[in-house]
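Since we're looking at a predicted model, the values are computed, not measured. Every chain is numbered from 1, with letters handed out A, B, ... down the list of sequences.
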Amino acid sequence: MNSRSLRDTVWIIGSAWPYVNFVPHLGNLIGSALSADVFARYLRLRGARVYFVSGSDVHGTPIEVEARKLGVNPREYVERMHNIVKRLFSCWNISYDNYTWTESDIHINFVREFFMKLYERGYIFVREDRLPYCPRDMMFLPDRFIVGTCPYCGYENARGDQCERCGALLEPQQLINPRCAICGSTPEWRETKHWYIDLKKLEKAVREYIEQNDRLPENVKTMALAILQGGLKPRSVTRDNKWGIPAPFPGSEGKTIYVWFEAVLGYITATMEYFSRAGRDSREGLELWKNSNTRVVFFIGKDNIPFHAIILPALLIASGEGYVLPYTISATEYLLYEGKKFSKSQRVGIWIDEALKILDVDYWRFILIYIRPETRDSSFTWSQALELINSILNDTIGNFIHRVLSLIERRLGGKVPSPDSVKLEDESYLDKARDIFCKVTELYENIKLKEALHETVEIARIGNKFLNERKPWELIKTRPSEAESAMSVGLQMVKMLAFSLYPVIPNSMSRLWKMLGYSDSIEEHVWEEALEPVPPSNEIRNVKPLFSKISREHLENRLRELEEDRRARWAKKYPWEQVAVIP
RNA sequence: GCCGCCGUAGCUCAGCCUGGGAGAGCACCCGGCUCAUAACCGGGGGGUCCCGGGUUCAAAUCCCGGCGGCGGCACCA
């Protein structure tokens, strides 16, 4: 895509809304917020208009139950957790234009109006069900909140949806001696009404959208078509929770909207809220969602595909309001931790609060994007992390930058070289670097963030090779003009690195930008400038290494400290006390 | 049980859709260089591409059957 069409387009970038019963872990982060941030930063450098939005998903049964167990108001619970998560994202330099939550007034009102509209358009119907109800907790119990004896294997703590021991799929009615998972009392079966969305009516339109959208990556398309293959069935949009958005339908008092159906609409309300917070009319944000020049891109983990590729498009189509459907959806596979699945109860993994106590945020961003699970699950290991920091980020990239900058600072007194002519052999190296930069551009464009980063490293490799070949430190003794030519080419490569790495490691590249003698910030420049030389009026000064190595001992000590700290934290009562303290 | 994904060098992975040279980075060994953060550059060793069968002139790649690891199966977020 050329720059012009990029600038005419409005991009709405949405990252999956974290459920804030606890803070996200590294696997959550890489799929949603971090990937989205890298892409958003890239687009902004291209000069595109970007609205990057997300928020905390704060309603639903788990939070309601947990809050009750702790004896706190759900509102207090989620307010605390939301604020923590919000602050953590800002520590991770996630450049949201609006990070909100599902308790915002705009959201609640919009969701109620939206579903009322679907009701009026005939997509919602009522059905009576017999569901388990706990008389003591005074609530209906979702399948997994009922436990009892498995009729197949006799396991006594089988859940209402599945027996964990024998793997059998269960209906709650099948359990022998069913009990409420919260208080242990015996549930009653009560009649209750629920409001269903008739997805069958929308199946054809959704299928057309999926089939015709050739920008959807393979994993999204495959899963979406597999779901459509089985046919869409009606799904209940209401729940018997107290904690949530009150259902708007006639006779639905006491019911709330199922969290998934409201949270996906959060992308729209967060965009609206961005405008109202900026002192403008929230309808401007709403209009963007109905403008054919708008491109909506979601960043999610693969578990979120059904709701973003099927349910949300179905809702948008059903509204008949002319909303744009997702331009594309980038869904990562899972990140494993040392080969195992992240799990808080098993204490497997690192959470985004803890991570920042171990390594600098840019190191984390570099590592996570470098191993981003784009086509299949990938595993985070500490030894690989060390390897990436020490030999790729520090030795290959950091050292190349430092070689060039310190040559100029020490040999040319910091004066940016501006040779009368660039030697032919220098030019050929520069061309190679330019080719790589163009390739990187294309990869970013196609949201292949991992490959874009891998390819970026090649610029530094070419640069190192170039310096070894041309030896400007020798040339300067005999042929100063050639030395200047070589150094200017090296500097040009550094500038390319500044741009191509900025989306991934913005802090470090902003520091580099200063060393390159710019007085403004790199955000005020555009991507294409990467191919132009540093202006001769700039002065290279205060050259310092951008990165440093991490020793194995140092890391091991940090991990030991973390282990102790975590033991103390996770023993505490409230989840907000369990979060690591962030400076 | 049903559906899906994965199994390629010591490690992490690319290639597989669109069949023909087995690859990258790191680790290891040798050499060069010494501007630079003991960094950089070049060369090298190293693989029954999970197993078996089939299709084909030709299979890591396509098909079938195993084995091993993992995920989903919708009122779970």
message = If you assign each of A/Leu232 and A/Leu388 to its closest nucleotide in RNA chain B, which residue comes earlier from the 5' end?
response = A/Leu388
note = On RNA chain B, more 5' by nearest nucleotide between A/Arg461 and A/Pro545 is A/Arg461
Rounded distance (Å) that lies between atom [atom2] of [N] and atom [atom1] of [X]:
| X | N | atom1 | atom2 | result |
| --- | --- | --- | --- | --- |
| A/Glu262 | B/C75 | CD | P | 19 Å |
| A/Leu199 | B/C75 | CG | P | 14 Å |
| A/Lys448 | B/C13 | NZ | P | 18 Å |
| A/Arg239 | B/A77 | CZ | P | 6 Å |
| A/Asn304 | B/A74 | CG | P | 17 Å |
| A/Trp101 | B/A77 | CH2 | P | 19 Å |
| A/Leu467 | B/G42 | CG | P | 13 Å |
| A/Asn464 | B/A38 | CG | P | 14 Å |

Partner nucleotide of [N] by Watson-Crick or wobble geometry (both distances under 3.5 Å):
| N | value |
| --- | --- |
| B/A36 | none |
| B/U18 | none |
| B/G31 | B/C41 |
| B/U48 | none |

Distance between the [atom1] atoms of [N] and [M], in whole angstroms?
| N | M | atom1 | answer |
| --- | --- | --- | --- |
| B/A22 | B/U18 | P | 22 Å |
| B/C41 | B/A27 | P | 11 Å |
| B/C11 | B/G52 | C1' | 29 Å |
| B/A60 | B/G21 | C1' | 14 Å |
| B/G32 | B/C70 | C1' | 47 Å |
| B/C16 | B/U8 | C1' | 11 Å |
| B/G25 | B/U37 | P | 25 Å |
| B/A59 | B/G19 | C1' | 6 Å |

With sequence neighbours excluded, what pairs up with [X] under the side chain to side chain contact (heavy atoms under 4.5 Å, CB included) test?
| X | value |
| --- | --- |
| A/Pro575 | A/Phe22, A/Leu70, A/Tyr77, A/Met81 |
| A/Asp240 | A/Phe140, A/Thr192, A/His194, A/Lys255 |
| A/Asp435 | none |

query = For every nucleotide of nucleotides 5-12 of chain B, 5' to 3': is a protein heavy atom under 4.0 Å from its base (B), only from its sugar-phosphate (S), or from neither (-)?
reply = -SSB---S
In terms of the angle between their ring planes, are [X] and [Y] parallel, tilted or perpendicular, with boundaries placed at 30° and 60°?
| X | Y | result |
| --- | --- | --- |
| A/Phe261 | A/Phe307 | perpendicular |
| A/His25 | A/Trp351 | perpendicular |
| A/Trp382 | A/Tyr337 | perpendicular |

ask   = Is A/Lys201 close enough and on-axis enough to A/Tyr123, meaning under 6.0 Å and within 45°, for cation-pi?
value = yes
ask   = Is the closest side-chain donor-acceptor distance between A/Ser330 and A/Arg372 under 3.5 Å?
value = yes
request  = Check for a donor-acceptor pair, side chain of A/Ser508 on one end and backbone N or O of A/Phe547 on the other, with a separation under 3.5 Å.
outcome  = no
Counting any heavy atom closer than 4.0 Å, what does [X] reach on the DNA or RNA strands: base, sugar-phosphate only, or nothing?
| X | answer |
| --- | --- |
| A/Phe380 | nothing |
| A/Ser406 | sugar-phosphate |
| A/Phe22 | nothing |
| A/Tyr19 | sugar-phosphate |
| A/Asn21 | nothing |

note = Residue pairs passing the ring pair (Phe, Tyr, Trp, His ring centres under 6.0 Å) test with at least one member in residues 461-491 of chain A, sequence neighbours excluded, are A/Tyr429-A/Phe466
note = With the side chain defined as heavy atoms from C-beta on, A/Arg235 is closest, among B/A74, B/A77, B/C13, to B/A74
message = Heavy atoms from C-beta onward define the side chain here; which of B/C35, B/G71, B/G25 lies closest to that of A/Leu407?
response = B/C35
ask   = OP1 or OP2 of B/A38 sitting under 4.0 Å from any side-chain N/O of A/Lys549?
value = no
A/Asp198: salt bridge (charged side-chain N to carboxylate O under 4.0 Å, His left out) partners, not counting sequence neighbours = none
key: Set of salt bridge (charged side-chain N to carboxylate O under 4.0 Å, His left out) partners for A/Arg461, sequence neighbours left out   = A/Glu458
Whether over 12 other heavy atoms sit under 6.0 Å from A/Lys439 NZ = no
note = For residues 390-413 of chain A, the salt bridge (Lys or Arg N to Asp or Glu O under 4.0 Å) pairs (sequence neighbours left out) are A/Asp395-A/Lys549
message = According to salt bridge (Lys or Arg N to Asp or Glu O under 4.0 Å), does anything in residues 479-489 of chain A pair up with another residue at least two apart or in another chain? List the pairs.
response = A/Lys423-A/Glu482, A/Arg470-A/Glu482, A/Arg479-A/Glu482
message = Centroid separation under 6.0 Å, is that true for the rings of A/Tyr267 and A/Phe298?
response = yes
note = Residues of residues 389-405 of chain A with a heavy atom under 4.0 Å from any atom of RNA chain B, listed by number, are A/Ser391, A/Ile392, A/Asn394, A/Asp395, A/Gly398, A/Asn399, A/His402, A/Arg403
Stretch residues 451-460 of chain A: residues that reach within less than 4.0 Å of RNA chain B through a heavy atom = none
When you compare the protein's N or O atoms with those of nucleotides 31-33 of chain B, which come within less than 3.5 Å of each other, and at what distance?
none

task = For residues A/Leu475 and A/Ala483, report the shortest heavy-atom separation together with the two atoms involved.
result = CB-CB, 3.7 Å
